[in-house]
Amino acid sequence: MIATPAWPPQSTPRLYVEEPLAAGAAVRLVGGQAHYLGGVMRTKAGDPVKLFDGVTGEWLAVAETVGKRELTLVVTERLRAPEAVPDLWLIAAPLKKGRIDWLAEKACELGVARLALVETRRTVVDRVNLDRLRAHMIEAAEQCGRVAVPELREPARLPALLRDWDPARTLYFADETGGVPALAAMRERAGSAAILIGPEGGFTAEERDAIRAQPGAVGVSLGPRILRADTAAASAVSLWMAAAGDWRDG
Ligand code: SAM
């Protein structure tokens with residue numbers, strides 16, 4: 001029996017668009033996206049393209065016109081419903097360019113709902129290019145099959161973050177000086193959560209005390225070694241996804 005080839009084919013390019021998608025909608029792509037489809041993926045009129053807008057799910061579109069600098073696509077049908085995003089926030093102190101880009105990419109791939117930056121006493125990076133971070137998260141979502149892009153929050157100062165904290169959301173504070181083994185702590189608690197990761201220089205003793213005094217905060221350990229902040233972030237999020245997130249569903 002001849003197997004019917006999957007439609008759209010596995011290799012169909014996948015792009016995020018800002019505008020809300022719906023069946024019959026016309027989508028005009030220019031700039032980098034037009035170059036990617038026309039120049040890199042050699043998309044021709046009639047070819048399929050997968051699109052997602054972060055809200056309504058993933059859609060199938062067909063290329064209508066393909067020009068050097070512009071493409072138009074027509075949306076035909078919805079392929080996937082919006083994803084059930086695990087209710088996890090990653091809160092991290094800004095890191096140097098390469099590391100914070102990596103962290104943003106991994107946060108998106110691993111499934112967080114929000115990436116928020118926090119300024120602490122030992123934060124050495126004074127400016128973060130949020131547009132660049134968002135572009136990294138969009139690219140990660142396009143590649144890993146997400147139909148949502150994590151929300152990105154600009155830096156807040158630690159005291160303000162703690163002052164406005166909703167104690168109903170568990171705050172897992174990654175503390176290299178010691179705490180409850182992270183996996184055990186995460187298995188014991190259900191519901192909305194956040195993971196707080198310090199800067200390369202770590203939190204000050206006063207900051208640690210202030211965080212630990214916060215209702216809903218749990219100091220957790222990620223093992224006996226001092227991890228780089230980006231490593232700590234990726235491993236803590238992975239543990240939460242396995243203990244309380246959507247990795248439990250396999
Ligand atoms: N200042 C610290 C030092 O040099 O001793 C190291 C800070 S570490 C590079 C950056 C952040 O990663 C820490 O603030 C903490 O949030 C997290 N982290 C690193 N290793 C950890 C561990 N073993 N357990 C819990 N959190 C850890």
Side-chain angles (χ1 to χ4, degrees), residues 86-128 133 136-137 140 150 152-167 169-189 192-245 247:
D87 193 356
L88 177 69
W89 299 351
L90 174 61
I91 305 173
L95 305 171
K96 291 208 176 75
K97 187 164 173 296
R99 286 188 181 278
I100 194 74
D101 296 348
W102 187 90
L103 184 146
E105 185 185 289
K106 300 310 152 197
C108 179
E109 274 182 69
L110 292 168
V112 306
R114 176 190 288 183
L115 173 60
L117 302 174
V118 62
E119 268 171 36
T120 68
R121 292 270 180 78
R122 292 187 183 140
T123 297
V124 289
V125 177
D126 51 13
R127 220 182 65 71
V128 177
L133 282 193
H136 278 286
M137 292 205 291
L152 177 60
R153 285 291 181 91
E154 50 189 85
R157 293 182 184 283
L158 182 64
L161 182 101
L162 296 179
R163 187 194 58 229
D164 306 337
W165 192 260
D166 169 5
R169 180 176 292 276
T170 305
L171 178 61
Y172 295 106
F173 157 43
D175 186 351
E176 73 277 10
T177 67
V180 185
L183 188 56
M186 291 168 177
R187 279 199 174 125
E188 277 164 23
R189 293 166 184 78
S192 61
I195 289 167
L196 175 59
I197 303 287
E200 289 303 349
F203 292 104
T204 64
E206 297 77 26
E207 287 175 329
R208 263 200 204 92
D209 295 346
I211 299 165
R212 282 181 181 279
Q214 182 70 33
V218 189
V220 296
S221 167
L222 297 168
R225 287 168 292 283
I226 304 270
L227 310 175
R228 301 293 301 255
D230 46 353
T231 316
S235 48
V237 170
S238 301
L239 287 174
W240 188 86
M241 286 297 164
W247 292 6

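Hydrogens, waters and symmetry mates are skipped; everything else that's a heavy atom, side chains included, is used. One-based numbering, in listed order, for ligands and for the atoms of each.
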What protein heavy atom lies closest to atom 24 (N) of ligand 1? Include the residue and the distance to one decimal. L222 N, 2.8 Å
For atom 5 (O) of ligand 1, which protein heavy atom lies nearest, and how many Å away is it? I226 CD1, 3.8 Å
Looking at R122 and G201, what are the two nearest heavy atoms and their distance? NH1-O, 3.1 Å
With heavy atoms and a 4.0 Å threshold, my read on which part of A232 contacts ligand 1 is side chain
Protein contact to atom 7 (C) of ligand 1 [nearest heavy atom, distance to 0.1 Å]: E200 O, 3.3 Å
Are the side chain of R169 and the backbone of A193 linked by a donor-acceptor contact shorter than 3.5 Å? yes
First locate atom CG of L117, then atom CD1 of I100, and finally report the distance between them rounded to the nearest 0.5 Å. 5.5 Å
For ligand 1, is any non-hydrogen atom under 4.0 Å from R225's backbone (N, CA, C, O), its side chain (CB onward), both, or neither? backbone
Main chain of A234, side chain of S238: is a donor-acceptor contact present, judged purely on distance under 3.5 Å? yes
Looking only at distance, does L227 have an N or O less than 3.5 Å from an N or O of ligand 1? yes
Atom 1 (N) of ligand 1 sits nearest the protein heavy atom G201 O, 2.9 Å
Starting from atom 16 (O) of ligand 1, find the nearest protein heavy-atom neighbour and note its residue, name and distance. A174 O, 2.6 Å
Please check whether F203 reaches ligand 1 - meaning an N/O of the residue sits under 3.5 Å from an N/O of the ligand, judged on distance alone. no
Counting distance only, does the side-chain N/O of Q214 pair as donor-acceptor with the main-chain N or O of L162 below 3.5 Å? yes
Please determine if E176 has a nitrogen or oxygen closer than 3.5 Å to a nitrogen or oxygen of ligand 1. yes
With heavy atoms and a 4.0 Å threshold, my read on which part of D175 contacts ligand 1 is backbone
Pull out every atom of ligand 1 sitting under 4.0 Å from any heavy atom of G202, numbered as shown with elements. 1 (N), 7 (C), 14 (O)
Candidates V220, V118, T120 - the one meeting side chain to side chain contact (heavy atoms under 4.5 Å, CB included) with L196: V118
Taking distance alone, with N or O pairs closer than 3.5 Å, would you say L196 contacts ligand 1? no
Kindly say whether T204 contributes a backbone atom to a donor-acceptor pair with the side chain of R121 at under 3.5 angstrom? no
Taking every non-hydrogen atom, the tightest pair across G219 and R212: CA-NH1, 3.8 Å
Any atom of ligand 1 sitting under 4.0 Å from a heavy atom of V220? yes
Do side-chain atoms of S235 reach the backbone of T231 as a donor and acceptor pair under 3.5 angstrom? yes
Taking heavy atoms and a distance under 4.0 Å, where does P199 meet ligand 1: side chain, backbone, both or neither? backbone
Taking atom 11 (C) of ligand 1 as the reference point, the nearest protein heavy atom with its distance: G198 O, 3.6 Å
Taking only Lys NZ, Arg NE, NH1 and NH2, and the carboxylate oxygens of Asp or Glu, determine whether R208 and D175 approach each other closer than 4.0 Å. yes
